[in-house]
Amino acid sequence: MTDEQHVLRPTYTRAGVRAVAPRFTLPDAEMEPTSAYQVVHDEVMLDGNSRLNLATFVATWMGDEADRLYAEVYDKNMVDKDEYPRTAAVEENCWRILASLWNVPDVKACIGTSTIGSSEACMLGGLALKRRWQLARRAAGKPADRPNLIMSSAVQVCWEKFCNYFEVEARYVPITEEHPCLDGSDLEKYVDENTIGVVAIMGVTYTGMYEPVQEIAAALDALQERTGLDVPIHVDGASGAMIAPFLQPEIEWDFRLERVHSISTSGHKYGLVYPGVGWVVWRTLDALPEELIFRVSYLGGNMPTLALNFSRPGAQVLLQYFQFLRLGREGYTAIQQECQDVAKYLAHGIEALGAFELWNDGSDIPVFAWRLKPGHTENWDLYHLSDRLRMKGWLVPAYPMPDNLADLTVQRIVVRNGVSRDLADDLLEDIRVETEWLDGLTSPMPAEGRRSGFHH
Ligand SMILES: *Cc1c(COP(=O)(O)O)cnc(C)c1O
């Protein structure tokens, strides 16, 4: 045997083929496509397993037909509405389907659009509130330069971004043990003539709880009677707007409440589509000032657009329509119900271990959070449990609650389509074993260098 034959050769090291490249500068030369493929493929190999990612709300599985459809339509640019009129028509079908699912008074007289996710949808909802308020203020000869928006301190970060990027004062109503959600109490302390709207969340990111939109609307009705201020609501239904219509149809949170001007959701959360699609719908054309709609001619035709992005994938919109057709009301109900059953099963299983106290049990959206029982131990906390679970591949984040509960650490599980009962049993067993291990410690775990898990 020659020396040469003893040299280890990875499969993508071949004579004359380069498979090394500088990390931070564009390589000068080309690389064989098979090598480039292998490099990128290997680069992501150490990412977490998406199916064991119980931190995310976003779909990680759709099935073979959806995967095939995706591969057929990945080249569609959503903005090319004149070139792809059928894709544009499907987009409109989808937001009208959502509008009727959310009980819009007249499905022909509402307006909506797809977006890249709930964040963009919330920005558009917020911009409509702001512009509507500005137009009314100017028409009344009043200053319109100090808009504010009212929301819970537990809003998703997209609302902090909206207020920052679009220069709206954010008025946060802190959550407390007595008021774990924005529930309409004390609203009069926050609302004034510069208030453009109130954000109500169906499925708070931190805990999965529904904010009682009906109670918030009633508080704003009472406030209007007293002060004359007519303050609209945008419902951030990133996850809940695709759960409540199926699992809690009796809860009035949507366009049945006149005060609800607009609703947004993430198609890629409980809408059951791969990452890259959100939706926003306004109850009437009046709720969305016409001047926010752009009509551009350079794509051919005269296409109205309402978006922060220009080009974006059209495939996810087609996949959303696929899910609507494929599942229908029955299919969505069955999947969301299964998620909720698994969430409650897991929540009560974790409660039964004795070390934890549930914040909620997954009976709103299939998401729940828990805390360590006060006084249970001085030796470890939920960050340590999160780390122990990560060693087994489970991604179960621990993080501090928002103001005024920032001293409270919780841990959260999001049950998505694909988190089966079997998987839940395995997870519960691992939580039991790791809790027992931590409870066996005779001195405290080190607290240095800990970080809270990503939980948006
Ligand atoms: C996830 C989430 C968002 C942001 O949605 P993306 O689709 O990720 O942009 C906004 N609000 C709430 C309540 C969420 O849960």
Side-chain angles (χ1 to χ4, degrees), residues 50 53-60 78 94-95 98 112-127 129 149 151-165 170 172-173 175 180-182 197-213 216 233-244 253-254 260 262-281 307-309 312-313 316-317 319-320 336 339 343 360 362 364-369 397 399 401-402 410 412-416 453-456:
S50 67
N53 180 355
L54 302 179
T56 187
F57 288 78
V58 176
T60 53
M78 196 61 237
C94 287
W95 61 253
L98 289 169
T113 184
S114 69
T115 61
I116 195 72
S118 272
S119 299
E120 189 191 9
C122 291
M123 305 267 167
L124 295 176
L127 283 170
L129 292 177
L149 181 66
M151 59 197 121
S152 155
S153 63
V155 282
Q156 210 265 358
V157 65
C158 73
W159 289 105
E160 298 169 46
K161 287 186 188 171
F162 167 75
C163 289
N164 182 335
Y165 296 170
Y172 297 111
V173 180
I175 61 163
C181 286
L182 184 74
V198 172
V199 176
I201 314 167
M202 283 296 281
V204 175
T205 314
Y206 288 83
T207 58
M209 294 169 83
Y210 289 151
E211 291 183 339
V213 188
I216 296 169
I233 294 176
H234 175 91
V235 177
D236 176 355
S239 23
M242 288 307 290
I243 295 287
W253 62 275
D254 54 14
V260 172
S262 45
I263 299 175
S264 52
T265 196
S266 294
H268 52 219
K269 290 185 177 175
Y270 290 101
L272 308 177
V273 178
Y274 289 130
V277 66
W279 302 96
V280 54
V281 176
L308 299 181
N309 295 65
R312 90 184 134 77
Q316 277 77 354
V317 167
L319 288 176
Q320 183 76 78
Q336 317 304 40
C339 287
N360 60 323
D364 289 346
I365 59 171
V367 172
F368 64 96
Y399 50 85
M401 289 287 270
V410 296
R412 184 194 69 190
I413 285 179
V414 177
V415 177
R416 286 172 290 106
F454 183 74
H455 57 278
H456 293 299

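Start at 1 and go down the list; that is how both ligands and their atoms are numbered. Everything numeric in this text was worked out from a predicted model, so none of it was measured. Residue numbers start at 1 and run along the sequence shown.
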Practice problem: Please step through side-chain contact (heavy atoms from CB on, under 4.5 Å) for the pair Cys163 and Met151, ending with a clear verdict. | Solution: CA-CA 11 Å; Cys163 289; Met151 59 197 121; 3.5 Å; yes
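- One N or O on the side chain of Arg412 and one on the backbone of Ala55 form a donor-acceptor pair closer than 3.5 Å.
- Judged by the shortest distance from any of its heavy atoms, Met202 lies outside the 4.0 Å radius around the atoms of ligand 1.
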Practice problem: Start with the C-alpha distance between Glu211 and Val199, add both sets of side-chain angles, then the distance that settles side-chain contact (heavy atoms from CB on, under 4.5 Å), and finish with yes or no. | Solution: CA-CA 10 Å; Glu211 291 183 339; Val199 176; over 6 Å; no
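- Only the side chain of Ser266 comes within contact range of ligand 1, with a heavy atom under 4.0 Å; no backbone atom does.
- Applying the 4.0 Å criterion to heavy atoms of His268 picks out, from ligand 1, the atoms 6 (P), 7 (O), 8 (O).
- No side-chain heavy atom of Leu272 sits under 4.5 Å from any side-chain heavy atom of Met242.
- Within ligand 1, the atoms closer than 4.0 Å to a non-hydrogen atom of Cys158 are 10 (C), numbered from 1 in the order shown.
- Using 4.0 Å as the threshold, Lys269 has a heavy atom nearer than that to some atom of ligand 1.
- The shell of residues lying under 4.0 angstrom from ligand 1, judged by heavy atoms, includes Gly203.
- Between the side chain of Thr265 and the backbone N or O of Ala238, at least one donor-acceptor pair lies under 3.5 Å.
- Which of Ala238, Pro275, Gly271 comes nearest to atom 12 (C) of ligand 1 through a heavy atom is settled by distance: it is Ala238.
- At least one donor-acceptor pair closer than 3.5 Å links the side chain of Asn360 to the backbone N or O of Ala369.
- Note: no N/O pair closer than 3.5 Å links Trp159 and ligand 1 by distance alone.
- Of all the heavy atoms of Ile201, the ones lying under 4.0 Å from any atom of ligand 1 belong exclusively to the side chain.
- Using a distance-only test at 3.5 Å, with no hydrogens or angles considered, no donor-acceptor pair links the side chain of Glu120 to the main chain of Gly278.
- Between Ser239 and ligand 1, no pair of N/O atoms sits closer than 3.5 Å.
- Note on ligand 1: Gly278 sits outside its first shell, no heavy atom being nearer than 4.0 Å.
- Residue contact check: Thr205 has heavy atoms under 4.0 Å from atoms 12 (C), 13 (C), 14 (C), 15 (O) of ligand 1.
- Without hydrogens or angle criteria, His268 side chain to Gly276 main chain gives a donor-acceptor distance under 3.5 Å.
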